Amino acid sequence: NAAKPSINIGDMRNIGADLSLSWRDRIGDLRYNLTGNISTYKNEVVRLGSSDLFNNTRLNQINITTEGQPIGMFYGFNVVGLYKNAEEVLNYKNSNGKTVLPYAVTDPDDLNPDNWVGRYMLEDVNNDGYINAEDRKIIGNPHPDFTGGLNVSLNYKNFDLSTYLYFSVGNEIFRHYMYYTHFAALQSAYSKDRRDNSWHPTANPQGMYPLYATSKGEGTEAANESHSQYVQNASYLRMQTLTLGYSLPAVDRLSLSKIRIYGQMSNVFTFTGYSGLEPEVRNMGDRSMGVDYGSYGVPRQFLLGINISF
């Protein structure tokens with residue numbers, strides 16, 4: 001009754017390139033050193049000896065690993081808008097011109113359009129006129145297009161200044177924390193963003209989130225399904241460190257050849273359009289990469305120090 005051994009069930013292909021350039025020079029008493037690098041890669045699952053693999057959380061199947069795609073792509077329904085009135089509920093059509101019933105409605109006679117005003121309108125991917133599990137698709141990519149960094153070092157007489165910047169471009173994040181902050185799972189309180197940007201026919205006709213007070217609530221399609229509103233671009237540029245130092249002259253009588261006093265700041269700034277606390281999400285595994293469960297932001301630290309050389 002021994003357990004079966006683990007075996008490889010698939011193959012992946014990774015193709016990438018790295019480029020690094022350095023320049024060192026001086027202008028009078030100013031010496032400088034610049035080193036930059038940029039990397040890119042393409043990942044593809046070329047063989048999968050099983051059915052598609054999914055990452056499940058409190059939401060069902062938010063990442064998919066499937067042949068022909070990178071590992072761990074985001075998966076779910078594509079939100080195309082909100083039903084703003086009963087007429088839109090009754091006349092929403094797919095790309096083939098066929099009328100589409102709202103999520104999980106299978107019989108037009110069971111449809112009360114007023115119950116759907118202010119709720120999500122989802123893409124009919126297979127054009128059959130119904131919104132169900134067959135209409136889920138890849139809705140985002142956690143893999144970056146490019147990553148890179150820049151080291152800068154400056155020396156002027158007894159002063160030295162150095163910094164390191166890092167960037168990531170093109171990756172997306174699945175904002176899983178919105179399950180709690182935006183869609184009231186487990187009776188959580190709503191966030192300010194959800195409060196201020198929920199659709200209302202008169203108070204906020206441009207809102208992006210479902211109406212609060214529909215007769216059926218915000219709907220299972222919003223609260224309990226993976227969908228494209230969870231996905232957001234998470235490109236960012238961060239200055240990781242900034243260090244300023246000053247070197248004192250040698251003190252021969254104490255046999256000190258060098259004394260350097262310095263101050264350092266880490267996590268100096270981050271430029272990003274990502275709305276979460278931290279665009280650099282820690283991955284729990286390749287098949288579930290890019291999922292933000294509400295991780296804390298990186299703290300900003302200040303350090304003062306002294307280096308003594310004998």
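Since we're looking at a predicted model, the values are computed, not measured.
- We find the CZ-CG distance between R175 and D292 to be 9.5 Å, quoted to the nearest 0.5 Å.
- At a threshold of 4.0 Å, the pair D160-R260 counts as salt-bridged, since one of the basic side-chain nitrogens sits closer than that to a carboxylate oxygen.
- Proximity of L122 to V80: side-chain heavy atoms (C-beta onward) are nowhere separated by under 4.5 Å.
- Residue pairs satisfying the salt bridge (charged side-chain N to carboxylate O under 4.0 Å, His left out) criterion with at least one member in residues 13-23, sequence neighbours excluded, are listed as follows: R13-E44.
- Within the 4.5 Å cutoff, the side chain of F167 has no heavy atoms near those of the L150 side chain.
- A heavy-atom distance below 4.5 Å is not found between the side chains of Y177 and S295.
- The environment of D110 atom CG is dense: over 12 non-hydrogen atoms of other residues, nucleotides or ligands sit within 6.0 angstrom.
- Listed by chain and number, the hydrophobic cluster partners of Y262 are L303, where partners are ILVMFWY side chains within reach of under 4.5 Å, directly or through others.
- Defined by atom type and a distance below 3.5 Å, a donor-acceptor pair is present between the side-chain atoms of Q232 and S275.
- The backbone N or O of G10 lies less than 3.5 Å from no partner atom in the side chain of N8, so there is not a single donor-acceptor pair.
- A 4.5 Å side-chain heavy-atom check between N267 and R238 finds at least one atom pair inside the cut-off.
- A donor-acceptor contact shorter than 3.5 Å links the side chain of E67 to the backbone of L48.
- With hydrogens and angles disregarded, no donor-acceptor distance shorter than 3.5 Å links the side chain of S288 to the backbone of N55.
- When the side chain to side chain donor-acceptor pair (under 3.5 Å) test is applied to N204, no partner is found at least two apart in sequence or on another chain.
- A donor-acceptor pair shorter than 3.5 Å can be found between the side chains of W23 and Y32.
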**Message:** Run the side-chain contact (heavy atoms from CB on, under 4.5 Å) test on L237 and L165 for me, step by step, so that the C-alpha distance in whole Å, both residues' side-chain angles and the decisive distance to 0.1 Å come before the verdict.
**Reply:** CA-CA 7 Å; L237 169 67; L165 297 100; 4.2 Å; yes
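- With R31 contributing its side chain and D25 its backbone, the two residues share no donor-acceptor pair below 3.5 Å.
- Looking at N158, its side chain never comes within 3.5 Å of a backbone N or O of Y246 through a donor-acceptor pair.
- N127 has its side chain out of reach of K98: every pair of non-hydrogen atoms, C-beta onward, lies at least 4.5 Å apart.
- Atom CZ of R282 sits in a crowded spot, with more than 12 heavy atoms from other residues, nucleotides or ligands closer than 6.0 Å.
- Using modelled atom types and a 3.5 Å distance limit, the side chains of S153 and N33 yield no donor-acceptor pair.
- Between H227 and Y75, the distance separating the two ring centers is not shorter than 6.0 angstrom.
- Residues Y164, Y236 make up the rest of the hydrophobic cluster containing Y166, defined by ILVMFWY side-chain heavy atoms closer than 4.5 Å, directly or through other members.
- For Y209 and H182, the ring centers are positioned less than 6.0 Å apart.
- The aromatic rings of Y92 and Y83 stand perpendicular to each other, their planes meeting at an angle above 60°, with 30° marking the opposite boundary.
- In summary, of the residues considered (I131, L111, N115), a side chain to side chain contact (heavy atoms under 4.5 Å, CB included) with P102 occurs for L111 alone.
- Rounded to the nearest 0.5 angstrom, F54 CZ and N60 CG are separated by 8.5 Å.
- A 6.0 Å sphere centred on CZ of F302 holds more than 12 heavy atoms belonging to other residues, nucleotides or ligands.
- F271 pairs by the ring-ring contact (aromatic ring centres under 6.0 Å, His included) definition with F269, not counting sequence neighbours.
- With salt bridges taken as basic N to acidic carboxylate O contacts below 4.0 Å, none links E88 and K93.
- No donor-acceptor pair under 3.5 Å is formed between the side chain of S162 and the backbone N or O of V152.
- Between D193 and S191, the side chains place no donor N or O within less than 3.5 Å of an acceptor N or O (distance only, hydrogens not considered).
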**Request:** Could you go through the side-chain contact (heavy atoms from CB on, under 4.5 Å) check for V291 and V281 one step at a time?
**Result:** CA-CA 7 Å; V291 180; V281 173; 5.8 Å; no
**Message:** Before you tell me yes or no, could you show the steps for E123 and R136 under salt bridge (Lys or Arg N to Asp or Glu O under 4.0 Å), namely the whole-Å CA-CA distance, both residues' side-chain angles and the distance that decides it to 0.1 Å?
**Reply:** CA-CA 9 Å; E123 181 183 1; R136 293 175 297 175; over 6 Å; no
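- Applying the side chain to side chain donor-acceptor pair (under 3.5 Å) criterion to R194, with sequence neighbours excluded, gives S198, E218.
- Note on ring orientation: taking the six-membered ring where Trp is involved, the planes of Y41 and H143 are perpendicular (angle over 60°, cut-offs 30° and 60°).
- Using a 4.5 Å heavy-atom cutoff, the side chains of F77 and Y120 are not in contact.
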**Request:** Report the C-alpha separation of V125 and E134 in whole Å, then their side-chain angles, then the decisive distance to 0.1 Å, and conclude whether the side-chain contact (heavy atoms from CB on, under 4.5 Å) test is met.
**Result:** CA-CA 8 Å; V125 173; E134 301 301 316; over 6 Å; no
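- Counting heavy atoms from C-beta outward, V45 and Q69 have side chains that stay 4.5 Å or more apart.
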**Message:** For a side-chain contact (heavy atoms from CB on, under 4.5 Å) check, start with the C-alpha distance between T163 and N151, then their side-chain angles and the critical distance, and finish with the verdict.
**Reply:** CA-CA 6 Å; T163 186; N151 276 296; over 6 Å; no
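- Counting heavy atoms from C-beta outward, Y230 and I62 have side chains that stay 4.5 Å or more apart.
- With no hydrogens or angles considered, a side-chain donor-acceptor pair links S22 and T35 at under 3.5 Å.
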